[in-house]
Amino acid sequence: MNRFLPISIFVLIFSACATSKYPNTTGEKAIQEIEVNNLFLDTGTVVSYRANIEIGKEQLSGTLVMRTFNADLRRFALLSDLGQTLIDISIFKDYHVLNSVIPAMDKKIVIKEVASLFRTMTQPYVSTKEVISSNQDLRIYEIERGANRTFYSYSSIDLKEIAHYGKHKERFKISFESSDNQYPSSIFLLHSRFPLRISLKQQNDNL
């Protein structure tokens, strides 16, 4: 009978690793449809943030300008303090189109991860699953798309964090600081598997 023990242990370990689990949660439950991440739906406003981007040893700063065209299309342009366009990218729900980019950022993996971060930061989804948190002040909703799972953490009505998991491990995290107006006062994007971090602080003048 002992000869089956190693197989049993393997199955147990594999099963434990098969699904990603959001920290400090105790379970999940089905809920009626709820829209999550509806911060950037206004098509009548261009929003600007002071941006600092670190990609490996490369550091870039400037103004990130964002515009929503419809529920599934947003355009992002990062402008240097001298007015040079560092990157201009149109991001759709399932793909992106690179309009222009400087050589320092012109790497396929960089563009892919930047697009994924910005898409997750701004794209609304409908959730039918709530994750039960040990912190009673948080409401956490889950979106599952294939092997990817994304968790949206709310405190009251304010979106506080988005955590994106792929293949059972955290891929990146996006934190929001709320403000008195419609848009977050600051946003911090941190990639867990790639040397990429982006810090955004809202500017007083929305274009």
Side-chain angles (χ1 to χ4, degrees), residues 1-2 4-42 68 71-72 74 91-96 112-200:
M1 186 173 181
N2 288 341
F4 295 106
L5 187 59
I7 296 177
S8 301
I9 292 174
F10 175 80
V11 171
L12 180 62
I13 293 173
F14 181 82
S15 300
C17 298
T19 56
S20 52
K21 186 177 184 298
Y22 194 71
N24 303 316
T25 56
T26 59
E28 57 187 36
K29 63 180 179 180
I31 58 172
Q32 292 186 340
E33 290 187 352
I34 183 171
E35 186 177 57
V36 294
N37 196 17
N38 54 8
L39 294 172
F40 298 94
L41 295 182
D42 188 357
T68 298
D72 295 329
R74 289 161 185 81
I91 298 180
F92 297 80
K93 187 174 183 179
D94 297 308
Y95 66 97
H96 63 271
K112 176 185 175 182
E113 297 304 331
V114 167
S116 183
L117 281 166
F118 285 162
R119 178 184 297 110
T120 304
M121 183 180 81
T122 57
Q123 179 67 45
Y125 288 98
V126 173
S127 175
T128 57
K129 185 184 295 185
E130 181 178 347
V131 178
I132 302 171
S133 174
S134 57
N135 183 349
Q136 296 183 357
D137 294 330
L138 292 180
R139 302 293 296 270
I140 304 173
Y141 304 100
E142 180 184 344
I143 299 292
E144 188 170 355
R145 303 183 73 201
N148 298 321
R149 303 172 74 190
T150 309
F151 300 90
Y152 299 79
S153 298
Y154 283 81
S155 176
S156 183
I157 62 173
D158 296 325
L159 178 60
K160 292 297 185 181
E161 182 180 271
I162 302 175
H164 181 72
Y165 286 72
K167 295 184 180 179
H168 325 312
K169 294 182 179 180
E170 183 180 279
R171 186 177 171 195
F172 56 75
K173 186 177 293 183
I174 305 171
S175 303
F176 300 85
E177 290 290 337
S178 58
S179 65
D180 294 333
N181 59 28
Q182 177 181 352
Y183 303 104
S185 60
S186 61
I187 308 172
F188 185 67
L189 306 91
L190 178 63
H191 207 290
S192 303
R193 304 191 197 175
F194 187 75
L196 171 62
R197 61 176 63 201
I198 302 173
S199 177
L200 305 175

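These figures come from a predicted structure and were not determined experimentally.
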Participant: When rounded to the nearest 0.5 angstrom, what is the spacing between CD1 in Ile132 and OG1 in Thr26?
Facilitator: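 The distance works out to 5.0 Å.
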Participant: Mind checking the CG-OG spacing from Leu190 to Ser199? Nearest 0.5 Å is all I need.
Facilitator: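 Rounded to the nearest 0.5 Å, the CG-OG separation comes out at 11.0 Å.
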Participant: Taking side-chain contact (heavy atoms from CB on, under 4.5 Å) as the definition, give me every residue that meets it alongside Lys112, ordered by chain and number, with sequence neighbours left out.
Facilitator: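 Only Arg171 meet the side-chain contact (heavy atoms from CB on, under 4.5 Å) criterion with Lys112.
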Participant: Given side chains that start at C-beta, do those of Phe92 and Asp72 come closer than 4.5 Å, heavy atoms only?
Facilitator: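 Result no, sub-4.5 Å side-chain heavy-atom pair not found.
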Participant: For Gly166 versus Asn148, what's the shortest heavy-atom pair and its separation?
Facilitator: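 Taking Gly166 first and Asn148 second, the nearest heavy atoms are CA-OD1, 3.4 Å.
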Participant: Rounded to the nearest 0.5 Å, what separation is found between the CG atom of Leu41 and the CD atom of Glu35?
Facilitator: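 Rounded to the nearest 0.5 Å, the CG-CD separation comes to 5.5 Å.
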Participant: Please report the interatomic distance CG(Leu117) to OG1(Thr122), rounded to the nearest 0.5 Å.
Facilitator: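 So the CG of Leu117 and the OG1 of Thr122 are separated by 10.5 Å.
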Participant: State, with a plain yes or no, whether a side-chain heavy atom of Lys160 is found less than 4.5 Å away from one of Phe176.
Facilitator: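 No - every pair of side-chain heavy atoms lies 4.5 Å or more apart.
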Participant: Can you tell me how far CG of Leu189 sits from OG1 of Thr120, rounded to the nearest 0.5 angstrom?
Facilitator: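 Thr120 OG1 to Leu189 CG: 9.0 Å, rounded to 0.5 Å.
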Participant: Identify the heavy atoms of Ser133 and Ile140 that sit nearest to each other, and give their distance.
Facilitator: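 Residues Ser133 and Ile140, closest heavy atoms: CB-CD1, 3.7 Å.
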Participant: Pair Tyr141, Tyr125 - check ring pair (Phe, Tyr, Trp, His ring centres under 6.0 Å), show working.
Facilitator: CA-CA 10 Å; Tyr141 304 100; Tyr125 288 98; over 10 Å; no
Participant: For Ser185 and Ser178, which heavy atoms make the closest approach, and how far apart are they?
Facilitator: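 Taking Ser185 first and Ser178 second, the nearest heavy atoms are OG-O, 3.4 Å.
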Participant: Can you measure from OG1 (Thr68) to CZ (Arg74) and round to the nearest 0.5 angstrom?
Facilitator: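 The CZ atom of Arg74 is 4.5 Å from OG1 of Thr68, to the nearest 0.5 Å.
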Participant: Compare every heavy atom of Ala163 with every heavy atom of Glu170, then report the nearest pair and how far apart it is.
Facilitator: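 Heavy atoms of Glu170 and Ala163 come nearest at OE1-CB, 4.5 Å.
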Participant: How about Phe194 and Phe172: are their ring centres within less than 6.0 Å of each other?
Facilitator: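 Centroid separation for Phe194 and Phe172: 6.0 Å or greater.
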Participant: Run Leu138 and Ser155 through side-chain contact (heavy atoms from CB on, under 4.5 Å) and show every step you take.
Facilitator: CA-CA 5 Å; Leu138 292 180; Ser155 176; 4.3 Å; yes
Participant: Closest approach of Phe40 and Ile187, non-hydrogen atoms and distance?
Facilitator: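 Heavy atoms of Phe40 and Ile187 come nearest at CZ-CD1, 4.0 Å.
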Participant: Could you report the tightest heavy-atom contact between Ala71 and Pro124, atom names first, then the distance?
Facilitator: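 Looking at all heavy atoms of both residues, the closest pair is O-CD, 3.9 Å.
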Participant: Not counting sequence neighbours, list each pair that qualifies as a salt bridge (charged side-chain N to carboxylate O under 4.0 Å, His left out) and has a residue in residues 115-129.
Facilitator: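 Every pair satisfying salt bridge (charged side-chain N to carboxylate O under 4.0 Å, His left out) with a residue in residues 115-129: Glu28-Lys129, Lys129-Glu144.
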Participant: Could you walk me through whether Asn37 and Met121 satisfy the side-chain contact (heavy atoms from CB on, under 4.5 Å) test, starting with their C-alpha distance in whole Å, then the side-chain angles of each, then the deciding distance to 0.1 Å, before giving a yes or no?
Facilitator: CA-CA 8 Å; Asn37 196 17; Met121 183 180 81; 5.8 Å; no
Participant: Return the set of residues passing side chain to side chain donor-acceptor pair (under 3.5 Å) with Arg139 (not counting sequence neighbours), or none when no residue passes.
Facilitator: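 With neighbours one apart ignored, the set is Glu130.
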Participant: State, with a plain yes or no, whether a side-chain heavy atom of Glu177 is found less than 4.5 Å away from one of Pro184.
Facilitator: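 Of all side-chain heavy-atom pairs linking Pro184 with Glu177, none is under 4.5 Å.
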Participant: Would you mind telling me which of His164, Arg197, Lys173, Glu113 makes a side-chain hydrogen bond (donor to acceptor under 3.5 Å, both in side chains) with His191?
Facilitator: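 Among His164, Arg197, Lys173, Glu113, the one meeting side-chain hydrogen bond (donor to acceptor under 3.5 Å, both in side chains) with His191 is Glu113.
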